[in-house]
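Presented below is the structure to which this report refers.
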Amino acid sequence: MVWILAAAAGAWALSLVLLYHFATVSVDRRIARYQSELVERHSEEVENMYRQTRGWRHDLKTHIQTMKAHLELGEYGALQEYLEELDQDLETVDRILRTGNVKLDALLNSKLSLAGAKGIPVEAKVMVPPELSVSEVDLSIILGNLLDNAMEACMKVQEEKRFLRVYIDIMKGQLYIYVINSVIGRPRKTGQLYLTTKNSRDHGYGLLRVDKVVEKYHGFLDRQSEDGVFATEVLLPL
């Protein structure tokens, strides 16, 4: 009887060890896939910014050559006209966000610039102070995941129906973040968890990261969906 109990206890202990091992391996694999996705997205953003920079350098060289030609030929009226046209063109092209918060500007501009390059119409209104009490890492987790998921959802929608809108402000002493985007149909849910369109093993992992950060600051988070639209609202105490 003692041997039987000892064997049962040993088997039970071994089962727990194996279960813990496989659970740890599974979590490690999910974290590795998640980190790999982050690196891939960051590389895509950097590559997009590099392409834009090269384009701006090329255009600037052309503009300078054209203006020098007008100047050398004494075509001052044509030069003035060209400068006014160039000024209007720059007003249209220059959509870089400048909130005064350098860290937030860098994050938003890299993401929204990539969205524009993917053919997603973007509207953004951001008004925040130069310094925020929310850490840069936590802010990156929230906005990075929300915007990455929004872009992924938009790319599955017909081009003429795509949209991405971002609104960030300080409301009653709290940081308010609102992201709304187009989706196909209505996002699926499991309980209170919305499922992303990624590999089934990684469903909602980024969303869970957002949830954890909001919970850390004892903030408020609300996700809403209807046919063709998905929106996320976040409030973080400051």
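Everything quoted here is computed from the prediction, not taken from an experiment. Sequence positions, counted from 1, serve as the residue numbers for this chain. Computed over heavy atoms, backbone and side chain alike; hydrogens, waters and symmetry mates excluded.
- Scored by the side-chain hydrogen bond (donor to acceptor under 3.5 Å, both in side chains) test, D227 finds no partners at all (sequence neighbours excluded).
- Distance check: L207 CG to L221 CG gives 9.0 Å after rounding to the nearest 0.5 Å.
- The side-chain contact (heavy atoms from CB on, under 4.5 Å) search around A106 returns none, not counting sequence neighbours.
- Of all the heavy atoms in L236 and V214, the pair that sits closest is CD2-CA, 4.1 Å.
- Taken to the nearest 0.5 Å, the CD1 atom of I120 stands 10.0 Å off from the CG atom of L112.
- Put simply, CE on M67 and CG on L79 are 7.5 Å apart, with the number rounded to the nearest 0.5 Å.
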Report, one line per pair, each donor and acceptor closer than 3.5 Å where one atom sits in a side chain of residues 126-138; sequence neighbours left out.
unit_1	atom_1	unit_2	atom_2	d
S135	OG	D138	N	3.1
S135	OG	D138	OD2	3.1
D138	OD2	K216	NZ	2.8
D138	OD2	Y217	OH	2.6

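- Taking the side-chain contact (heavy atoms from CB on, under 4.5 Å) definition, one finds that E72 meets it with K68, sequence neighbours left out.
- The environment of CD in E81 is sparse: at most 12 heavy-atom neighbours from other residues, nucleotides or ligands sit within 6.0 Å.
- Taken to the nearest 0.5 Å, the CG atom of L107 stands 7.0 Å off from the CG atom of L147.
- Rounding to the nearest 0.5 Å places CG of N145 at 10.0 Å from CG of D211.
- Across all non-hydrogen atoms, the minimal contact from L164 to A150 is CD1-CB, 3.6 Å.
- Applying the side-chain contact (heavy atoms from CB on, under 4.5 Å) criterion to S182, with sequence neighbours excluded, gives C154, V157, R162, F163.
- Closest of all the heavy-atom pairs between V183 and N181 is CG1-ND2, 3.5 Å.
- Checked against side-chain hydrogen bond (donor to acceptor under 3.5 Å, both in side chains), E159 has no partners two or more places apart in sequence or in another chain.
- With rounding to the nearest 0.5 Å, the separation of CD1 in I177 from CG in L139 is 5.5 Å.
- Residues passing the side-chain hydrogen bond (donor to acceptor under 3.5 Å, both in side chains) test with Q80 are E84, sequence neighbours excluded.
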Which donor-acceptor pairs under 3.5 Å do the side chains of residues 165-176 make with protein atoms, sequence neighbours left out?
unit_1	atom_1	unit_2	atom_2	d
Y167	OH	D169	OD2	3.1
Y176	OH	E233	OE2	2.6

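- Taking both residues in full, the closest heavy atoms of H218 and P237 are given as O-CG, 3.9 Å, listed atom of the first, atom of the second, then distance.
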Candidate pair V210 and R223, rule side chain to side chain contact (heavy atoms under 4.5 Å, CB included), full reasoning
CA-CA 12 Å; V210 174; R223 297 185 178 99; 4.1 Å; yes
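- Taking A231 as the reference, Y178, I180 meet the side-chain contact (heavy atoms from CB on, under 4.5 Å) condition, with sequence neighbours excluded.
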